Amino acid sequence: MRLLAVLFALTALVRAETLEEKRDAKLKKPFVSAAPWILDYDKAREAAKASGKLVFAYFTRSYAG
Amino acid sequence: MVLFLHVTTRIEGEKYGDLLSEKGGTGFPWLVFMNPEGDVIAPHNDARSVAGFRRTLDRATRWSAAKAKADGGDKVARADMLFLETELGRMEVVDLEDALAEEGLEPDEAQRKWLLGLKANQQVDEIMEDLRRSRDEGSRRRLQGEMAGLRAAGSIPTGYYQRVNFWMLIAEHAAAGGDRALLKEAIPELRGFLAEIPGLGEPIKAFEAKLAGLEKTGS
């Protein structure tokens, strides 16, 4: 039983993060909260149209690593 | 400007999962300025600093303003638009010249100077491409000399990274050849980039030490 518990703990440690977890971890990075980023492309374009401003787009990814 | 952060997650069914490639990006991170319709106006090819982003934003804003005037038939604005597209890396210099000729747009004096700067940018890029491909010291020395040759011919680049590379190779050429005057010219130019590229600190110190040595020996 003890061996099983140890194996289970180890498995939990090495379990690969899901894509959702990686996305959530990315969105928790300090740079995201440091500026008023809009995460939705449609909403960003709406905001740009409403304000007459350009969109500064930063493309990144969360699925790697 | 509106700040838009797009995170490609590869989660099944994610909205706009291919937006990077649709907009012409090929790798991460990728920074661009778009108009409200989502058309890419300006990929960010300048320094990744506040000043660098401001320079790209300025070019993108000027392009948008020029386009609005050009759409109304303003030929000077149309020429400015083409120049800005070249500066933004959306057009090659040869295509700019062809477009100006085809549309009967005669560059004014400011635009002629602009064209010289853009040509110099291209020449610097070509030298740097050769440098990346070359492996031996002899080739490096030759390319440093070519860069110094551009300066001697008055071909001074206007692009941010082109200027950094230009003055760095010229400083290397001057240091290797013991050219005090040229080194004295190159060092302050490189110092101008230090705030945005702190990594230049060590090479600049080395060039300054070399200059001090040359001045001591009266070379």
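Being a predicted model, the structure only gives us computed values, none of them experimental. Below, read A as the first sequence line, B as the second, and so on, with proteins coming before strands; counting in each chain starts at 1.
- Looking only at side-chain heavy atoms (C-beta outward), Phe31(A) and Leu5(B) come within less than 4.5 Å of each other.
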Handout entry: Steps toward side-chain contact (heavy atoms from CB on, under 4.5 Å) verdict (Ile11(B), Glu20(A))
Key = CA-CA 7 Å; Ile11(B) 294 171; Glu20(A) 287 80 0; 3.6 Å; yes

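- Each of Val32(A), Leu19(A), Thr60(A), Leu39(A) has some count of heavy-atom pairs under 4.5 Å with chain B, and the biggest count is that of Thr60(A).
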Practice task
Report the C-alpha separation of Tyr63(A) and Thr9(B) in whole Å, then their side-chain angles, then the decisive distance to 0.1 Å, and conclude whether the side-chain contact (heavy atoms from CB on, under 4.5 Å) test is met.
Solution key: CA-CA 5 Å; Tyr63(A) 59 84; Thr9(B) 66; 5.9 Å; no

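- Side-chain contact between Val2(B) and Ser51(A): present, with at least one pair of heavy atoms (C-beta onward) separated by less than 4.5 Å.
- Ring to ring, Phe28(B) and Phe59(A) are not that close: their centroids are 6.0 angstrom or more apart.
- Here CG of Leu54(A) is found 9.5 Å from CH2 of Trp63(B). Values are rounded to the nearest 0.5 Å.
- Contacts with chain B were tallied for Arg45(A), Glu46(A), Lys26(A); Arg45(A) has the most, counting heavy-atom pairs under 4.5 Å.
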Practice task
Evaluate the criterion side-chain contact (heavy atoms from CB on, under 4.5 Å) for residue pair Leu3(B) and Ile38(A); output intermediate values, then yes/no.
Solution key: CA-CA 6 Å; Leu3(B) 300 181; Ile38(A) 296 175; over 6 Å; no

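- Both the backbone and the side chain of Glu37(B) have a heavy atom closer than 4.5 Å to some heavy atom of chain A.
- Between Pro29(B) and Tyr58(A), the shortest heavy-atom contact is CB-CE1, 3.3 Å.
- Atoms CZ and NE2, on Arg61(A) and His6(B) in that order, are 14.0 Å from each other to the nearest 0.5 Å.
- Of the atoms belonging to Leu19(B), heavy atoms from both backbone and side chain fall under 4.5 Å from chain A.
- When heavy atoms are compared at a cutoff of 4.5 Å, Lys49(A) approaches chain B by way of both its backbone and its side chain.
- Only the side chain of Ser64(B) comes within contact range of chain A, with heavy atoms under 4.5 Å apart.
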Practice task
Show your reasoning for whether side chain to side chain donor-acceptor pair (under 3.5 Å) applies to Tyr16(B) and Asp40(A).
Solution key: CA-CA 9 Å; Tyr16(B) 298 116; Asp40(A) 183 285; over 6 Å; no

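- Applying the salt bridge (charged side-chain N to carboxylate O under 4.0 Å, His left out) criterion to Arg10(B), with sequence neighbours excluded, gives no partner residue.
- The aromatic rings of His44(B) and Phe56(A) lie perpendicular to each other, with more than 60° between the two planes, well past the 30° mark.
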